[in-house]
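Here, residue 1 is the first one in the sequence, and each next residue gets the next number.
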Amino acid sequence: MNAEAVNPASPGPVPPTATGAVTPAPRRKARPRIDLRRLGRAALLGSATRSRGLPDAIGHVVEAHRAHHPDADLDPLRRAYVLAESSHRGQMRKSGEPYITHPLAVTLILAELGAETTTLTASLLHDTVEDTEVTLDQVGEQFGAEVRYLVDGVTKLEKVDYGAAAEPETFRKMLLATGNDVRVMSIKLADRLHNMRTLGVMRREKQERIAKVTRDVLIPLAERLGVQALKSELEDLVFAVMHPEEYAHTRELVQENAARADDPLAAVADEVRGVLREADIQAEVLIRPRHFVSVHRVSRKRGTLRGADFGRLLVLVQEDADCYAVLGELHTCMTPVVSEFKDFIAVPKFNLYQSLHTAVARAEDGQVVEVLIRTHQMHKVAEAGVVALGNPYAPPAEEQSAGDGERADPTRPGWLSRLLDWQRGAPDPDTFWSTLREDLAQDREITVFRPDGGTLGLPDGATCVDAAYAQYGEDAHATIGARVNGRLAPMSTVLRDGDTVQLLMGQDPASEPSREWLEHAHTPAARIAIQRRLAAHPEAAPEAQEPPRGPAAPEPHAHPDAPRPAPDAAPARPAAADVLVDPPGATVRLAGCCTPVPPDEITGFAVRGGVVTVHRVQCAVVARMKSTGRAEVGVRWGESTGCRVTLLAESFGRPHLLADLTEAMALEGAEIVSATVEPPDRQRVRHSYTVVLPDAARLPALMRAMRDVAGVYDVSRAQPQPAGA
């Protein structure tokens with residue numbers, strides 16, 4: 001797709017010239033400038049032959065289509081053009097062109113991206129039902145159910161019926177249609193691109209309104225669908241409308257660079273060709289100029305631009321293995337910038353993008369040249385995204401399974417499934433519209449793993465709350481905790497790419513989500529589900545509070561011989577017979593803040609009354625004592641191996657839990673000095689036990705035995721308190 005097709009009235013960018021080092025790909029032959037006005041006049045005057053041959057006006061579409069699909073049946077295109085031209089005859093665009101030039105231009109954009117015949121047929125007809133007397137039934141009768149579905153998917157809803165909600169409801173309808181056939185959104189994106197190219201005839205206010213919707217909704221959708229060719233030009237056209245001064249400055253920078261006599265990119269491209277030729281690697285090395293928005297971003301990031309900042313090298317090979325062979329040669333024969341290496345072949349982006357990214361430094365002046373390495377097929381997908389996948393109705397080459405419950409079909413990616421899920425819960429068009437923009441603003445996706453081997457695709461910044469609703473939907477209300485990479489974590493924990501997340505579910509189907517979860521919900525699906533549940537049960541909604549660090553339980557049933565909960569009782573101070581102090585004779589007390597036990601590394605401080613308190617060396621209180629100038633006292637463990645320690649247990653609740661837990665502790669030789677059980681919260685309970693062990697070496701076995709009790713999820717030693725506590 002070439003930005004040279006921009007209408008003269010368009011405010012859009014003029015592509016940089018003098019890119020002499022660029023070697024075009026073999027199949028992308030240079031075509032003469034397409035004069036849509038001339039084509040429109042020819043269509044309007046009826047000069048096209050309509051007997052058995054193809055109308056002259058769609059010759060450019062046919063040429064582009066044949067380049068990708070040489071054996072395609074062109075009869076549907078001929079019939080679609082005849083219907084579109086006759087239906088739109090007499091209609092004019094605001095630019096003064098015959099209206100048929102618009103569907104022709106949209107279809108040409110898709111043809112150049114490699115869309116198959118059905119998409120092009122629907123593209124020619126995409127405005128007929130909306131703007132002419134042609135009905136959907138007529139489209140279906142003449143062209144079949146698929147074309148009918150695509151045309152219906154992109155047909156706008158009438159403002160007379162929907163008023164101010166027409167635009168958001170149209171997008172909702174379009175997204176629902178895209179969920180079944182992604183070609184709907186392909187046509188919409190091409191339609192918006194041509195409208196943006198010819199936006200200059202509109203009033204300034206309308207230009208800005210259309211540009212904002214394009215920026216907030218259509219460009220993110222193009223990114224998610226991997227249609228980089230459309231996305232890049234849309235970004236530049238929006239840039240020209242929304243920031244005309246910065247756009248003009250960037251355009252000037254590009255033109256100045258194009259006029260340079262020396263081109264560092266060309267020099268490095270020649271060097272790369274030589275390296276690969278000596279290695280006997282068949283490859284095509286191209287210079288890929290950055291589009292205007294990309295140049296602007298680099299300018300803001302780096303300040304003064306150098307020649308290598310205006311583009312990147314693109315190396316195209318035949319096989320995946322060749323990509324890594326090219327990478328090895330470049331890193332061996334040139335100076336690599338290792339921090340710039342990214343492998344999107346082994347780990348593709350969520351929008352199907354695959355490529356190796358690296359960078360090399362020029363020996364002459366140190367300029368860094370970015371290099372993209374991919375196969376020809378990867379390049380096709382990188383440019384055209386889902387458009388390059390063809391017909392989603394066609395049977396796959398081999399059966400695929402989706403272990404995570406999402407379709408394996410790449411034309412229905414995880415983000416689209418999530419979008420379709422949450423939109424059902426949006427209570428009104430305004431909420432849908434604002435939430436859609438917010439959702440699409442999240443431009444990076446991470447993958448987290450479930451313990452069963454399945455995966456969840458989540459936006460960057462997602463938390464355990466989001467993971468719960470992504471995996472369980474409305475049932476996530478019963479989530480009581482999570483483990484991240486095997487460790488208990490708060491529901492507010494922000495997940496990272498590659499984390500393993502185990503969600504801990506309670507048994508009560510009537511569980512209510514915490515109000516505080518709303519603060520930690522990053523995805524629309526989680527927020528809408530929580531808000532709807534809390535609104536439906538306001539009286540049962542728990543107070544906003546951060547849940548305990550891990551799962552706990554409802555009120556336990558205590559064994560008669562178990563120690564009674566004593567929430568207000570202070571932990572008993574352990575005896576200090578096992579600690580020796582210099583000089584001897586001082587009264588020694590083990591600090592309750594960090595509960596040191598042998599063989600912890602310890603230190604001491606003298607406090608009032610001549611008492612020496614003993615802390616773990618890493619205790620936060622130690623740093624506070626030192627900062628106030630308090631002198632340390634030498635302390636060490638004596639010969640006795642016994643210890644006293646406070647343990648925290650976190651569990652579900654169930655009958656006889658305390659009885660089983662205290663029995664397990666007794667079997668390990670632990671003497672329970674005191675116990676505290678916090679009030680239950682959302683089926684979670686935290687227990688605190690101060691115990692005496694005759695041998696400190698038995699502490700790990702005691703903690704393992706406590707964890708093995710059914711319903712207990714974690715056992716840990718009491719942590720040192722913060723210095724300010």
Is any side-chain heavy atom of [X] closer than 4.5 Å to a side-chain heavy atom of [Y]?
| X | Y | value |
| --- | --- | --- |
| R496 | I446 | no |
| V715 | L648 | no |
| S355 | M378 | no |
| H520 | M491 | no |
| L175 | Q423 | no |
| M665 | M706 | yes |
| I602 | W637 | yes |
| L661 | Y689 | yes |

Next item on the list: Please test R616 against E601 for side chain to side chain contact (heavy atoms under 4.5 Å, CB included), starting from the C-alpha separation and ending with a verdict.
Entry: CA-CA 6 Å; R616 297 188 211 174; E601 187 177 357; over 6 Å; no
Nearest non-hydrogen partners of [X] and [Y], listed with the distance:
| X | Y | result |
| --- | --- | --- |
| F605 | A631 | CD2-O, 3.5 Å |
| G604 | V635 | N-CG2, 3.6 Å |
| G669 | P694 | O-CD, 3.4 Å |
| T500 | P451 | CG2-N, 4.4 Å |
| R527 | L518 | O-CD2, 3.9 Å |
| A476 | M505 | CA-CE, 4.3 Å |

For [X] and [Y], test the side chains for any donor-to-acceptor distance below 3.5 angstrom and give the result as yes or no.
| X | Y | answer |
| --- | --- | --- |
| H477 | Y469 | yes |
| T603 | E632 | yes |
| T646 | T690 | yes |

Donor-acceptor contact present, side-chain [X] to main-chain [Y], <3.5 Å:
| X | Y | result |
| --- | --- | --- |
| T479 | G481 | no |
| R630 | A606 | yes |
| H357 | E340 | no |
| D499 | V448 | no |
| T493 | A489 | no |
| D181 | T178 | no |

Just how far is it from atom [atom1] of [X] to atom [atom2] of [Y], taken to the nearest 0.5 Å?
| X | Y | atom1 | atom2 | value |
| --- | --- | --- | --- | --- |
| M703 | D708 | CE | CG | 12.5 Å |
| T662 | H687 | OG1 | NE2 | 10.5 Å |
| H522 | L495 | NE2 | CG | 11.0 Å |
| L702 | L647 | CG | CG | 5.5 Å |
| W517 | L534 | CH2 | CG | 10.0 Å |
| R483 | C464 | CZ | SG | 12.5 Å |

Next item on the list: Could you walk me through whether R717 and D600 pass the side chain to side chain contact (heavy atoms under 4.5 Å, CB included) test, one step at a time?
Entry: CA-CA 12 Å; R717 286 175 61 182; D600 292 343; 2.6 Å; yes
Check: Given C323 and I345, is the side chain to side chain contact (heavy atoms under 4.5 Å, CB included) satisfied, shown in steps?
Finding: CA-CA 9 Å; C323 295; I345 295 178; 3.8 Å; yes
Check: Do the ring planes of H331 and F341 sit parallel (below 30°), tilted (30 to 60°) or perpendicular (above 60°)?
Finding: perpendicular
Next item on the list: For L503 and Y472, run side chain to side chain contact (heavy atoms under 4.5 Å, CB included): C-alpha distance rounded to whole Å, both residues' side-chain angles, the deciding distance at 0.1 Å, then the answer.
Entry: CA-CA 10 Å; L503 298 163; Y472 294 112; 3.8 Å; yes
Item checked: Ring-face cation of R172 near F432 (centre distance under 6.0 Å, axis angle within 45°) -> yes
Margin query: Within 45 degrees of the ring normal and closer than 6.0 Å to the centroid, is that where the cationic atom of K349 sits relative to Y353?
Written below: yes
Next item on the list: Give a yes or no on whether a salt bridge exists between E474 and R532, defined as a side-chain N under 4.0 angstrom from a carboxylate O.
Entry: yes
